[in-house]
Amino acid sequence: MSSATLFKDDAAIASGEHFFEQVNRMFDKAARFTDHPQGLLNQIKICNSVYHMEFPVKRDDGSIEVVQAFRAEHSQHKSPTKGGIRYAINVSEDEVMALAALMTYKCAVVDVPFGGAKGGIKINRNEWSEAELERITRRYTFELTRKNFIGPGVDVPAPDYGTGPQEMAWILDTYNQLTSYPLDALACVTGKPVGQGGVRGRTEATGLGTFFGVREACNNAADMQKLGLETGIEGKTVVVQGLGNVGYHAAKYFEEGGAVLVGVSEIEGAIYDPNGLTLQKVLDHRKETGSILDYPGAQNLATGTDVLELPCDILIPAALEGVITRENAPRVQAKIVGEAANGPVTADADEILNERGVLVIPDVYLNAGGVTVSYFEWLRNLSHVRHGRMSKRFEAKSAERILSAVTKMTDTEMEQDEFSRLVADVAVGASEQDLVNSGLEDTMSYAYNEIREIARTHDTDMRTAAFVDAINKIAVSYLQMGIFP
Ligand code: NAD
């Protein structure tokens, strides 16, 4: 079937319809570069199970409302399955299946040993009070527990659009009350507050991973030359759509890395200043006025989506899926599009951007920072020990011994005070946050170069290369399990 008959209308895709088909279209394009039997490819592609539930919620005024929710487990080629939970009004069965599939491929790309899953509750969280959100979250967890759709070795949710550490803490507490196996219960959900078994660095992980991935691309001199850009992040202009968890942290790390933030958008609109915006000042302005609009020195844009067409080196869509479509892709001026959100570029738009020579760094790789650090959190919960706790003091002592040996070998005269200061500087040992961030950096760097090499070998784009990488790794798992005798 041609793409034209598959997708009649990009607008329908933008609303979430056919999202799973789009992911499968990308899968099919990549599968042509592999030689796996069609039956195996079909098994990798399908979504293993979806739980569609509806349950009543008591509102604060005593009335009852019925809420729709979903959990999709795309692939059990590795256990547990893993994926975020989003609270958004456009959540649908199709959307959770698509996002669960992306999770499967994402985990494979960054060598995180999970299958993919995704959950969603169809609500606009701004229309519910904190107490109501707690009741919804706890009821959802109860439903998942009863149907065995949650558990440290079964399926492990995490934050996504519209959810954060608070919802994860409620999920943990509810699961804890229901499970007969409390020992490992902490590992039933990730993205928890640090005091509730969360790992330091999880909140910022997806934004930081996005920065590491784009930085890796910008350090490739040949690719930058093709785009007519200098190597490195320093001085590059960046536009970010959405200043939530992922967008805010990505923007922060780009700014700290020396890039210039020229445009941002939020739900109320978009602002642009070619001379550069200061992220913290934009947020302060929003806190004071309730909006990013009318930020001093910046231009307000007519619509929130105009931000996607601004002149810039790097465009980071970090809010919703389906925002770059067949309609606006020809007007995107960025040289690099870094998909921090899931599915922000539709399949049609992807082809247009590729033809126009834009480097699209795909979601299936670029926003894998969240699940990578979730994996570190899950390991921490199962091992019941903070990362670095066993080795921190030992590393500190080793550093001290090395420093003493070097000063002795090089005959360096050093005052005791100066030596002590140096020891204090060098020999602190790695903190949990240091370990998490360095594990994340290494993961993003290694995976980028792995898919870059596949792209080079097959002379294809980075998204197709990432899917080829994922398909090959998942195929090996299935074949090794011997499920196809
Ligand atoms: P979030 O809820 O923290 O932030 C989303 C932000 O986008 C909000 O501030 C919202 O107001 C804003 N927004 C909504 N509509 C907008 C519009 N039309 N224009 C501009 N801004 C708009 O969600 P998040 O966790 O940052 O997730 C964002 C995206 O990243 C989603 O696609 C999600 O699936 C993906 N993602 C998140 C994680 C994670 O760890 N949180 C991991 C991987 C992928």
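As the structure lists them, so they are numbered: ligands from 1, and atoms in each ligand from 1.
Contact annotation: for Ala205 versus ligand 1, there are no heavy atoms closer than 4.0 Å. At a 4.0 Å heavy-atom cut-off, ligand 1 does not touch Met103 at all.
For a threshold of 3.5 Å applied to N or O pairs, the pair formed by Leu320 and ligand 1 contains no separation below that value. In terms of N/O distances under 3.5 Å, ligand 1 is not approached by Asn367. Backbone and side-chain nitrogen or oxygen atoms of Lys106 are examined, and none is located within less than 3.5 angstrom of a nitrogen or oxygen of ligand 1. Annotation: Val246 places an N or O atom under 3.5 Å from an N or O atom of ligand 1; distance criterion only. For ligand 1, the polar-atom distance check finds an N/O of Thr206 within less than 3.5 Å of one of the ligand's N/O atoms.
For the ligand labelled ligand 1, residue Glu321 lies outside the 4.0 Å heavy-atom shell. The closest approach between any non-hydrogen atom of Gly162 and ligand 1 is below 4.0 Å.
Counting the atoms of ligand 1 from 1 in the order shown, those under 4.0 Å from a heavy atom of Ala318 are 28 (C), 29 (C). Annotation for ligand 1: atoms under 4.0 Å from non-hydrogen atoms of Asp160 are 25 (O), 33 (C), 34 (O), 36 (N), 37 (C). Listed by number with element, the atoms of ligand 1 under 4.0 angstrom from any heavy atom of Arg202 are 40 (O). Of all the atoms in ligand 1, the ones that sit under 4.0 Å from a non-hydrogen atom of Gly242 are 7 (O), 20 (C), 21 (N).
A cation-pi arrangement is found for Arg59 relative to Trp128, the charged atom lying closer than 6.0 Å to the ring centre and inside a 45° cone about the ring normal.
Taking a cutoff of 4.0 Å between a charged side-chain nitrogen and a carboxylate oxygen, Arg463 and Asp350 qualify as a salt bridge. By the 4.0 Å N-to-carboxylate-O rule, Glu268 lies close enough to Arg286 to be salt-bridged with it. A salt bridge between Arg125 and Glu130 is absent, with no side-chain N of the basic residue lying under 4.0 Å from a carboxylate O of the acidic one. A salt bridge links Arg331 to Glu309: one of the charged nitrogens lies within less than 4.0 Å of a carboxylate oxygen.
Between atom CZ of residue Phe114 and atom CH2 of residue Trp378 there is a gap of 5.0 Å, rounded to the nearest 0.5 Å.
Two rings, from Tyr105 and Phe467, have their centers less than 6.0 Å apart.
A side chain to side chain contact (heavy atoms under 4.5 Å, CB included) with Asp160 is found for exactly one of Asn245, Ile85, Asn342, Thr206, namely Asn342. When each of Arg389, Arg386, Arg380 is checked for a salt bridge (charged side-chain N to carboxylate O under 4.0 Å, His left out) with Glu432, only Arg380 meets the rule.
Nearest to atom 12 (C) of ligand 1 by heavy-atom distance, out of Arg125, Gln241, Glu266, Glu339, is Glu266.
Taking atom 32 (O) of ligand 1 as the reference point, the nearest protein heavy-atom neighbour is Asn342 N, 3.1 Å.
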